[in-house]
Amino acid sequence: MIIRLKDGSERAYDQAMSVLDIAKDISEGLARNACAGEVNGEVVDLRTVVDADCELNILTFNDEKGKLAFRHTASHVLAQAVKRLYPEAKCAIGPAIEEGFYYDFDMPSLSREDLDKIEKEMKKIIKENPAIRRFELPREEAIAFMTEKEEPYKVELIEDLPEGSVISFYEQGDFTDLCAGPHLMNVKAIKAFKLTSSSGAYWRGSEKNKMLTRIYGTAYTKKADLEERLAFLESIKLRDHNRLGREMELFTTVDVIGQGLPLMLPKGAKMIQTMQRWIEDLEDNEWGYVRTKTPLMAKSDLYKISGHWDHYKEGMFVMNDNEESDKETMALRPMTCPFQYYCYKNKQHSYRDLPVRMGETSTLFRNEDSGEMHGLTRVRQFTISEGHLIVRPDQMVEEFKGCLALAKHCLQTLGVEEDVTYHLSKWDPENTEKYIGTPEEWDEMEGAIRQILTDLNIDFTEDVGEAAFYGPKVDINAKNVYGKEDTMITVQWDSLIAEQFDMYYIDQNGEKQRPYIIHRTSMGCYERTLAWLIEKYEGKFPTWLCPEQVRVLPISEKYLDYAAQVEKELKKNGVLVTVDGRSEKIGYKIREARLNKVPYMLVVGANEQEEGLVSVRSRFAGDEGQKPIAEFVDQICKEIRTKEIRKELPQEEKK
């Protein structure tokens, strides 16, 4: 047989050989570092026997697929340690993930001390270096095998497989697990690992199922690489908006109010108000939008017309959904589009009236699963810069480009344009029952968006199955500090739903015509954007966004009156300012203002009072010297008005 290797070279063998033996024939060093193989594009175990011509790639830890095999083996070491220490624990699933691995168990929650104890047991197992053996059983024998071991979650997984299936297992010393593999030949290569955390996770991701205990970990071949990873994890904890936003008193959550329902505290509310006023003025004054304000709920009849009742009811908060009740079935709105359609339908429109661009600061409600919610990025009530453009078909391309241009402008102003990726979210032609419209209509809509992105020289990826049920879209995504990607802005093409709402305009021949619709956000969800900005700037926001832009620091109580004068002048010009009038030393006040990430500190004492000056210290350059009040007011007002993102000098360059 002929084996074609990754570098294009070929090797000939007279007999069938395992992937590992072929690796040994190539190089003993390669065999020592091998984690798995890839035969004709399919990842396989090193134990797999090759008996025909093929393309073969030997995967090491330097390959992403090799890392997955390495870390999946580490997850089995974790499970083996847990079963030794907690024999009553039941195993669920334990996959490798992008930066490590996890395993779910039906067992009580764990403390950091418990994780340390499990780590210690894992080290013992690795030192023992138990043999790893792969074997297969027919489906019925596999069910009996796992039933005897009292592993109900494994039994459920096997029962979900088709009858006649052959099920693979991996035996690792005194531990055996249902597993497709691949795995390392032994565990001694796992030289550096760490259990990083534990949390709750619903079985199969459904809140209707039992809550399990999930243990997260990561593993490397070298201790130095592990230490670098752990240091990185510690650094991103400092930027995690869920922690930093609470420390900065931007938001909080309360159990009795409910999960996914954050309270915006005064500072966080001020930031969202600043962004909201900016977006509304921008859309209305510069981009030709008219503003609507529509109800937060509606009868189920509205959502049945739009199709949301059939396609999205599980994600809605529904009230009085009882056929025997005399009350109307109502639901909180998960989107604003059908409401704005009726604003459009309020009067007849000529072709000359189009496009009609409607914007609304929309509070929406979505019944997210408990396990999905996190801080401000995934919540059950949120507010977005929502808008719908009713356009003639011949206007669609230019208006769609305009929506992308507005989104780009918002990203640039916030300083996050370089942090996003663009995605063409398409329908899934294998599951057409999830969508309205014909394959031809979907091909036309997706092709139009693809051409727009190409014309604008925007790099993008295409994601099958991510479209809304009524049209494809451009999703502009960003990653949080942990690497999870969220959609920040959406622009969606819709040539279908106007029919369902009997929306029309009168063309130049006096005939009724169906318009097209663009569903879009200009900045997206305010709460999610705030979370993004907290992590992006580590709480050191651009001055125009800060809930406290200036803090006046009198040297002593003698200068409180002058501090109040400075405060009054700044407030008169719309600057967000406070006075620290406490009887504390000025050094203490400055340090605290720095910790609070205030952009500007104005120190005032005898000289400043006599000369009408302020001594300016900034987060950006340190000591900026004395300035007349009027000069500083002009400077900061310009910075706020232009939404300048002032760069912070390195510490050694600050005065």
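What you are looking at is a predicted structure, and each value in this text was computed from that prediction instead of being measured.
- A salt bridge links K426 with E462: the closest approach of a Lys/Arg side-chain nitrogen to an acidic carboxylate oxygen falls below 4.0 angstrom.
- I476 has its side chain out of reach of T487: every pair of non-hydrogen atoms, C-beta onward, lies at least 4.5 Å apart.
- The neighbour count for E417 CD, taken as heavy atoms of other residues, nucleotides or ligands under 6.0 Å away, is above 12.
- Under the 3.5 Å distance criterion, the side-chain polar atoms of E441 are left unmatched by any main-chain donor or acceptor of I436.
- For the 3.5 Å distance criterion, the side chains of D394 and Y516 fail to qualify, holding no donor opposite an acceptor.
- Nearest approach of G94 to Y103, heavy atoms of both residues: CA-CD1, 3.3 Å.
- Side-chain contact between L424 and T461 is absent, with no heavy-atom pair separated by less than 4.5 Å.
- Of all non-hydrogen atoms in I518 and C403, the two that sit nearest each other are CG2-SG, 3.9 Å.
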For this session: Check step by step if side-chain contact (heavy atoms from CB on, under 4.5 Å) holds for I390 and M358.
Result: CA-CA 8 Å; I390 316 301; M358 293 178 287; 3.9 Å; yes
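- Side chain of T432 to main chain of D428: no donor-acceptor pair is present (N/O by atom type, distance under 3.5 Å, no hydrogens or angles).
- For E10 and R4, the salt-bridge test passes: some basic side-chain N is under 4.0 Å from an acidic carboxylate O.
- Side chains of V290 and D284 form no contact here, defined as non-hydrogen atoms less than 4.5 Å apart.
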Exercise. Are L5 and I3 close enough, and set up right, to give a side-chain contact (heavy atoms from CB on, under 4.5 Å), and what steps lead you there?
Worked result: CA-CA 6 Å; L5 301 175; I3 306 298; 4.0 Å; yes
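- Taking CG of L545 as the reference point, atom CE of M271 lies at 5.0 Å (rounded to 0.5 Å).
- In summary, the side chains of H308 and S306 do present a donor paired with an acceptor at a separation below 3.5 Å, with no hydrogens or angles considered.
- With contacts defined as side-chain heavy-atom distances shorter than 4.5 Å, the pair L178/L157 qualifies.
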For this session: List the steps and the verdict of side-chain contact (heavy atoms from CB on, under 4.5 Å) for F70 and K65.
Result: CA-CA 9 Å; F70 183 95; K65 294 174 183 177; over 6 Å; no
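- When every heavy atom of A74 is checked against every heavy atom of A219, the shortest pair comes out as CB-CB, 4.0 Å.
- A cation-pi arrangement is absent between R528 and F382, since the terminal nitrogen or guanidinium carbon is not both under 6.0 Å from the aromatic centre and inside a 45° cone about the axis.
- A donor-acceptor pair is defined here as one N or O able to donate and one able to accept, closer than 3.5 Å; such a pair exists between the side chain of K67 and the backbone of F61.
- A side-chain N or O of E386 and one of S362 form a donor-acceptor pair less than 3.5 Å apart.
- At least one side-chain heavy atom of Y216 sits less than 4.5 Å from a side-chain heavy atom of I97.
- Taking each heavy atom of Y435 and G465 in turn, the nearest pair found is OH-CA, 3.7 Å.
- Side-chain contact, T421 with N477: no donor N or O sits under 3.5 Å from an acceptor N or O.
- Remark: the W203 side chain and the E156 side chain contain an N/O donor-acceptor pair separated by less than 3.5 Å.
- Looking only at distances, no side-chain donor or acceptor of E99 sits under 3.5 Å from a matching main-chain atom of T218.
- Annotation: side chain of I384 is in contact with side chain of L364 (closest heavy-atom distance under 4.5 Å).
- Minimum heavy-atom separation, L354 to Q395: O-NE2, 2.9 Å.
- Between K473 and D463, no side-chain nitrogen of the basic residue sits less than 4.0 Å from a carboxylate oxygen of the acidic one, so the salt-bridge criterion is not met.
- Of the possible donor and acceptor atoms, none in the side chain of E399 sits under 3.5 Å from a partner among the backbone N and O of L389.
- Remark: the Q340 side chain and the T292 side chain contain an N/O donor-acceptor pair separated by less than 3.5 Å.
- When atom types are taken as modelled, the side chain of D63 and the backbone of T60 share a donor-acceptor pair closer than 3.5 angstrom.
- Note that the OG1 atom of T529 and the CD1 atom of I534 stand 11.0 Å from one another [nearest 0.5 Å].
- Looking only at atom types and distance, the side chain of N367 has no donor-acceptor partner in the side chain of Y312 under 3.5 Å away.
- With hydrogens and angles ignored, the 3.5 Å screen pairs no side-chain donor or acceptor of E55 with any backbone N or O of G41.
- Geometrically, R214 engages Y102 in a cation-pi contact defined by less than 6.0 Å to the ring centre and at most 45° from the axis.
- Using the six-membered ring where Trp is involved, W278 and W544 have ring planes that are perpendicular, over 60° apart on the 30 and 60° scheme.
- Taking the ring axis of Y303 as reference, the NZ or CZ atom of R333 does not stay both within 45° of it and closer than 6.0 Å to the ring centre.
- Listed for the S165 side chain is no donor-acceptor partner under 3.5 Å among the backbone atoms of I167.
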Problem set entry | From CA spacing to verdict: side-chain contact (heavy atoms from CB on, under 4.5 Å), S522, L282 | CA-CA 10 Å; S522 51; L282 179 70; over 6 Å; no
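- When side chains are defined from C-beta on, E418 does not count as touching Q412, because their heavy atoms never get closer than 4.5 Å.
- Side chain to side chain, S385 and R520 fail the donor-acceptor criterion of an N or O pair below 3.5 Å.
- Summarising the geometry, atom CD belonging to Q492 is positioned 9.0 Å from atom CE belonging to M445; distances are rounded to the nearest 0.5 Å.
- Of the possible donor and acceptor atoms, one in the side chain of D240 sits under 3.5 Å from a partner among the backbone N and O of N242.
- Defined by atom type and a distance below 3.5 Å, a donor-acceptor pair is present between the side-chain atoms of D494 and H519.
- When each of R357, R277, R291 is checked for a salt bridge (charged side-chain N to carboxylate O under 4.0 Å, His left out) with E283, only R291 meets the rule.
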Problem set entry | Pair Q259-T253, side chain to side chain donor-acceptor pair (under 3.5 Å): steps then yes or no | CA-CA 8 Å; Q259 193 177 11; T253 52; over 6 Å; no
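- When each of D486, T377, V420 is paired with W532, the side-chain contact (heavy atoms from CB on, under 4.5 Å) condition holds for V420 and for no other.
- With salt bridges taken as basic N to acidic carboxylate O contacts below 4.0 Å, one links E499 and R514.
- At distances below 3.5 Å, not a single donor-acceptor pair connects side-chain atoms of D45 with backbone N or O atoms of T48.
- Looking at heavy atoms from C-beta onward, L56 lies in side-chain contact with V19 at the 4.5 angstrom threshold.
- From I272, atom CD1 reaches atom OG1 of T274 across 10.0 Å, with rounding to the nearest 0.5 Å.
- Cation-pi geometry between K434 and F469 is not met: the NZ or CZ atom fails to fall both under 6.0 Å from the ring centre and inside 45° of the normal.
- Checking Q381 against T363 by side-chain atom types alone, no donor-acceptor pair falls below 3.5 Å.
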For this session: Kindly indicate, with the supporting measurements, whether the criterion side chain to side chain donor-acceptor pair (under 3.5 Å) is fulfilled by D475 and T490.
Result: CA-CA 5 Å; D475 283 327; T490 293; 2.9 Å; yes
